[in-house]
Amino acid sequence: MRKVPVNRIIQILFVLVLGLFLLKNAFQPNFLNEWDERFHAVVAKNLTEDPSIPRLYKEAAASSYKYKLWFQTEVWLHKPPLFSYQAALVMKLFGENLVGYRLNGFLTITLLAFAFYKILRLYKLEVWHALSLSMAAIFSLAFLKLSNGVLGMGQNDLAFILWVSFGVLFAEKARVSEGEKRLRNIMWLALFSALAVLTKFLVGYLPFLILGLNALLYRWKTKEWIALFAWALLPALAIGSWYAYTYQIAPELTLAELAYNSRHFSEALEGHEHGPLFHLAWFSKSFIITLAILLSLLIMGSRSNSSAVSSFSRLPKSFYAAIGSIIFVLLFFTVAKTKLPAFTLVTAPLLMVAIGLLYQQVAISTKVKKYIFVLPFFGVFGGVQYILAEEHRDPKRECQHHFFTDLGASLPENTVLFNTGAFNHAEAMFYSGFICYTNLPRPIWVKEAASQGYLPYLIVRGDESDELLSLFKGRVLEYPCGIE
């Protein structure tokens, strides 16, 4: 029987222990976060029952309740669908609840760490160096907060970065391969780019950007350019097919959501307006350890040669393709009017490429490289400290979790809740399983719900009229979580 080297056992234990920390992080806080996570979660939960199309409301209990804003529409097309289907699949297998939903975040960030590791190993990084650097990136606060939904778009951005990372992996494989193998890698790049586009629109073409720059720099043959352009049609075909499908079901909403999302570049929507250095600051803060290693390799490399100029002149062209792609992403999102923190995190796989190329090229001793790659452990330690120390307390959110969960267990299955409060309808539907409306109802809504066999319940907050209360025939519930 072959004996497993001690070093390999330590590496496996290292990964398993950090995996446990990632698992702990994914399950805290024990309530849905404001804005994106609660909407993403209820849409995924509804897909477990009806996978035909993403829905915010599984049914229209009050048919005259018509709103066109993305957080109130019955069918939900605010974002492309793939990440919702990913979460729905995991929830179907492991539980249609908060545990099942957050487990998807854990699985996604675990796969993302694997993608980073595979990119780094392309450049012959030692296993420890590749493991430590990929984990340092994953344990940055930005990625940890995407995994548990605390930051911005949560699992939407996390899934998007995952598919882009695998696309970048095959872009680099295509660069270093030849002939049929190169064409096959372009095909895989196109597939993962299509998955990225089906998660977050056309920015999912990023893997094609770095490969296209390399194709220019290395003067690809005409046959290879034709293959690149041909496969570049696949992501467009994928997202186009999706919206052609949704147009058959909800034509007005499909066009409205496409028009609304196209305004993110030219307008600062939903208050997401920030200064010109916003993305540069978030990029630097999120990748401080990764950038420190990149700069260390550059500095040590320049010192190890006769001059800095000669050192930089010997860097491979592909290094400049990676840096150029990073600069393009930063400039693109800086020019865009709508700015959200996680947008530039998609540069993570490009940073892995840049570091891998430097590691492979720079002529410095193995001993010096070992010292440089101590830095990632500081990043991992910082992430672990956050996971262990952050309490994630929010009395109101915790109260709502218990309140709506208890209602789901105690009220009839055909219950409809009215007056959940501003934006609380999403988590109310997720926790209770009922159809929930955010505001005080019009009499016609109550009558419509009753005519369809639903039992309307009203959550009271002290400002309801006697006339309105009479419509519910005693089916009123005191709201215990404070007034918004």
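Just so it is clear, the values below take in all heavy atoms, side chains as well, and ignore hydrogens, waters and symmetry mates.
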Aromatic plane relationship, H264 with H78 - under 30° parallel, 30 to 60° tilted, over 60° perpendicular: tilted
Side-chain donor-acceptor pair under 3.5 Å between N104 and Q155, yes or no? yes
Check whether K58 reaches the backbone of G433 with its side chain - one donor and one acceptor, N or O, closer than 3.5 Å. yes
Gap separating the CG atom of L169 from the CZ atom of R121, nearest 0.5 angstrom: 13.0 Å
Y431 and F404 aromatic centres sub-6.0 Å: no
For Y247, I'd like to know if atom OH has over 12 heavy atoms of other residues, nucleotides or ligands within 6.0 Å. no
Let me confirm one number: the CG-NZ distance from L202 to K200, rounded to the nearest 0.5 Å. 12.5 Å
For F472, is there any backbone N or O sitting under 3.5 Å from a side-chain donor or acceptor partner on Y457? no
When you check the gap from the basic side-chain N to the acidic O, do R102 and E37 get nearer than 4.0 Å? yes
Verdict with reasoning, L22 to L144, per side chain to side chain contact (heavy atoms under 4.5 Å, CB included): CA-CA 8 Å; L22 290 176; L144 293 177; 3.7 Å; yes
Side-chain heavy-atom pair L234, V197 within 4.5 angstrom cut-off: no
Is it true that S140 and S286 share a donor-acceptor pair across their side chains at a distance under 3.5 Å? no
Report yes or no: is the cationic atom of K45 (NZ for Lys, CZ for Arg) closer than 6.0 Å to the six-membered ring centre of F430, at no more than 45° off its axis? yes
If you take the centroid of each ring, where Trp contributes its six-membered ring, are F287 and F283 closer together than 6.0 Å? yes
Between T438 (side chain only) and G421 (backbone N and O only), is there a donor and an acceptor less than 3.5 Å apart? yes
Ring centroids only, cut at 6.0 angstrom: are W35 and F423 within range, meaning strictly under it? yes
Do you know the tightest heavy-atom contact between Y57 and T73? CD1-O, 3.7 Å
Residue pair T246 / W242, side-chain heavy-atom distance below 4.5 Å: yes
Check whether more than 12 heavy atoms from other residues, nucleotides or ligands sit under 6.0 Å from atom CD of E273, and answer yes or no. no
Taking E448 for its side chain and S63 for its backbone only, find out whether a donor-acceptor pair lies under 3.5 Å. yes
Would you check if the side chain of T199 reaches a backbone N or O of L195 as a donor-acceptor pair within less than 3.5 Å? yes
Are E74 and R55 ion-paired here, with the side-chain N under 4.0 Å from a carboxylate O? yes
Begin from the C-alpha positions of H401 and T405 and carry the test side chain to side chain contact (heavy atoms under 4.5 Å, CB included) through to its verdict. CA-CA 6 Å; H401 184 182; T405 300; 3.2 Å; yes
Report the C-alpha distance between L120 and H129 in whole Å, list the side-chain angles of each, state the deciding distance to 0.1 Å, and finish with yes or no for side chain to side chain contact (heavy atoms under 4.5 Å, CB included). CA-CA 9 Å; L120 291 167; H129 295 171; over 6 Å; no
Six-ring centre of F31, R397 cation under 6.0 angstrom, axis tolerance 45°: no
Tell me if a side-chain donor or acceptor on T338 pairs with a main-chain N or O of E267 at a distance below 3.5 Å. yes
Heavy-atom closest pair, residues F143 and L112: CE2-CD2, 3.6 Å
Within-4.5 Å side-chain heavy-atom neighbours: K339 and F333: no
Ignoring hydrogens, what is the shortest heavy-atom contact between F116 and A348? Give both atom names and the distance. CZ-CB, 3.5 Å
Should L350 and I210 count as side-chain neighbours, where that means a heavy-atom distance under 4.5 Å? yes
With H425, which of F71, F418, F39 fulfils ring-ring contact (aromatic ring centres under 6.0 Å, His included)? F39
Aromatic ring proximity Y437/Y65, centre distance under 6.0 Å: yes
Hey, do the aromatic rings of F208 and Y205 have their centres closer than 6.0 Å? yes
Heavy atoms from other residues, nucleotides or ligands near CG of L89 exceed 12 (cutoff 6.0 Å): yes
Separation between CG of N46 and CD1 of I53, rounded to the nearest 0.5 Å: 12.5 Å
Do E257 and W76 pair up side chain to side chain, a donor and an acceptor below 3.5 Å, judged on atom types alone? no
Can you tell me if Y245 has over 12 outside heavy atoms packed within less than 6.0 Å of its OH? yes
Is N25 reaching over with its side chain to a backbone N or O of F21, donor-acceptor style, under 3.5 angstrom? no
Counting only heavy atoms not in Y243, do more than 12 fall under 6.0 Å of its OH? yes
What I want to find out is whether D36 reaches K79 closely enough, with some N-O distance under 4.0 Å, to be called a salt bridge. yes
Test item: N33 side-chain N/O and G149 main-chain N/O as donor-acceptor pair under 3.5 Å: yes
Evaluate whether atom CZ of R442 has more than 12 neighbouring non-hydrogen atoms of other residues, nucleotides or ligands under 6.0 angstrom away. no
For R393, is there an ion pair with E398 - N to carboxylate O distance below 4.0 angstrom? yes
Under the side chain to side chain contact (heavy atoms under 4.5 Å, CB included) rule, what do W445 and L440 come out as? Steps first, then yes or no, please. CA-CA 10 Å; W445 298 349; L440 287 170; over 6 Å; no
Least distance between heavy atoms, P456 atom then A450 atom: CG-N, 4.3 Å
Does the N414 side chain pair with the main chain of G453, one donor and one acceptor, at a distance under 3.5 Å? yes
Flag yes if more than 12 heavy atoms outside W128 fall under 6.0 Å of its CH2 atom; otherwise flag no. yes
How long is the straight-line distance from NE2 of H392 back to CD of E390, given to the nearest 0.5 Å? 4.5 Å
Can you name the closest pair of heavy atoms from S165 and I119 and give their distance? O-CD1, 3.7 Å
Closest non-hydrogen contact found for P376 with A136 is O-CB, 3.5 Å
Reported OH-to-OG distance for the pair Y260 and S262, which is rounded to 0.5 angstrom: 11.0 Å
Ignoring hydrogens and geometry, is there a side-chain-to-backbone donor-acceptor pair from R38 to L32 under 3.5 Å? no
Taking atom types as modelled, is there a side-chain donor on Q400 or E427 under 3.5 Å from an acceptor on the other? yes
Is there a side-chain contact between V476 and E464, using heavy atoms and a 4.5 Å cut-off? no
Would you check if T108 and F83 make a side-chain contact, meaning some heavy-atom pair closer than 4.5 Å? no
What is the distance from atom CG of L237 to atom CH2 of W231, rounded to the nearest 0.5 Å? 11.0 Å
